[in-house]
Q: 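To start, I am sharing the structure in question, which I have written as structure tokens.
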Amino acid sequence: MHYDTLSIPEATRLQQALREKLVIQPRDFPLQVVGGADISFNRFSTTVYAGIVLLSFPALQPLTYSLVKKEVHFPYVPGYLAFREVPALMEAWEQLPLKPDVLVVDGHGIAHPRRMGIAAHFGALSGQASIGCAKKRLFGTYTEPGPERGAYTPLLHKEEVIGSVLRTKAHVKPVFVSPGHRMDVQDSLSLILQCCGRYRLPEPTRLAHAAVNRFRLGELPEGITQIPADH
DNA sequence: GCGACAG
DNA sequence: ATCTTGTCGC
């Protein structure tokens, strides 16, 4: 992956090419394992700590952690997050002993100017079903959903529905859910809501975030960690 | 030209 | 994203 040396115009071209590979359709596979992906890093540092956590579904019990440390030089530019984070995530992905049925990525899916947010980018590259779940809006218009858990409104671009604004917990800021690959808007929304417990963020995202942070702080080792089932 | 702007 | 201080509520 030579993302580090790409110019923004070149990156835009790559997004336009990958867009042709995207499949947005109702989920057509069973759901038994979900993954959560996230990145952590120190401010001003070029080292990123990537992680993917596997959870059983619908029980949401953690099964495995895959952690990878990598150098990146592509800058953070809104609309081009994938070029910073996907290479490290792909390494974490490749060392997984078993792949999840769907991967929840911290960021947007098709709710992006060229429909190529990080979740869509990762899905188009890997062939993996994916969903984007972001904490802030990048693209699209919406009205505020109701204050109750489960309330949602469409994220729109012109007439097109590109995602959902979902209240995952009563009276907290909503999250932005959009399909990445091999999912549609409705199935993405449904899955994310099923992944939410008593917190604002869905469990795959929460656990991935906790894992990469502990990894960065030296509390977890690089590589694969199998989590023993508790009996 | 002026705002907006995932992580 | 990360860091930091303070407040609210279970």
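Every chain is numbered from 1 and lettered A, B, ... according to where its sequence line falls, protein lines coming before strand lines.
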Q: With clusters defined by side-chain heavy atoms of hydrophobic residues (ILVMFWY) lying less than 4.5 Å apart, directly or transitively, does A:L22 cluster with A:V105?
A: yes
Q: State, without any angle test, whether A:R19 and A:H112 hold a side-chain donor-acceptor pair at a distance under 3.5 Å.
A: no
Q: Looking only at side-chain N and O atoms, does A:E71 offer a donor or acceptor that is under 3.5 Å from a partner on A:T47?
A: yes
Q: Using a 4.0 Å heavy-atom cut-off, does A:R137 contact any base of the nucleic acid, only the sugar-phosphate backbone, or nothing at all?
A: sugar-phosphate
Q: Nearest whole angstrom, please: distance from the C1' of C:dT2 to the CZ of A:F215.
A: 17 Å
Q: Which part of the nucleic acid does A:G79 contact within heavy-atom distance under 4.0 Å: base, sugar-phosphate only, or nothing?
A: base
Q: Specify the separation, in whole Å, of atom CG of A:L89 and atom C1' of B:dA6.
A: 13 Å
Q: How is A:H209 classified with respect to the nucleic acid when contacts are heavy atoms under 4.0 Å: base, sugar-phosphate, or nothing?
A: sugar-phosphate
Q: Report yes or no: do A:L156 and A:Y152 belong to one cluster of Ile/Leu/Val/Met/Phe/Trp/Tyr joined by side chain heavy-atom distances under 4.5 Å?
A: no
Q: Within this structure, what is the NE2-to-P distance between A:H108 and B:dA4, rounded to whole angstrom?
A: 17 Å
Q: Indicate whether A:F41 forms a stack on C:dA1; treat it as stacked only if centroid distance is below 5.5 angstrom and interplanar angle below 30 degrees.
A: no
Q: Rounded to the Å, how far apart are A:Y142 OH and B:dA6 P?
A: 12 Å
Q: Across nucleotides 3-10 of chain C, 5' to 3', mark each nucleotide with B, S or - according to how protein heavy atoms within less than 4.0 Å reach it.
A: S-------
Q: What is the distance from CZ of A:F44 to C1' of C:dA1, rounded to the nearest Å?
A: 11 Å
Q: Go through the steps to decide whether A:F215 and A:Y49 satisfy the test ring pair (Phe, Tyr, Trp, His ring centres under 6.0 Å), and finish with yes or no.
A: CA-CA 7 Å; A:F215 175 36; A:Y49 302 80; 5.3 Å; yes
Q: Strictly below 4.0 Å: does A:Y76 bring a side-chain N or O up to OP1 or OP2 of C:dA1?
A: no
Q: Could you please name the option among B:dG7, C:dT2, B:dA6 that lies closest to any side-chain atom of A:K135?
A: B:dG7
Q: Whole angstroms only, please: what is the CG-P distance between A:L138 and B:dA4?
A: 14 Å
Q: Between atom CG in A:L81 and atom P in B:dG7, what is the gap in whole Å?
A: 8 Å
Q: Base, sugar-phosphate, or nothing: which does A:Y49 touch, judged by heavy atoms less than 4.0 Å apart?
A: nothing
Q: Do A:R214's NZ or CZ and the ring of A:Y65 fall within the cation-pi criteria of under 6.0 Å and 45°?
A: no
Q: So, do A:F176 and A:Y142 have ring centers that fall under 6.0 Å from each other?
A: yes
Q: Whole Å only: how far is the CZ atom of A:F139 from the C1' atom of B:dA6?
A: 13 Å
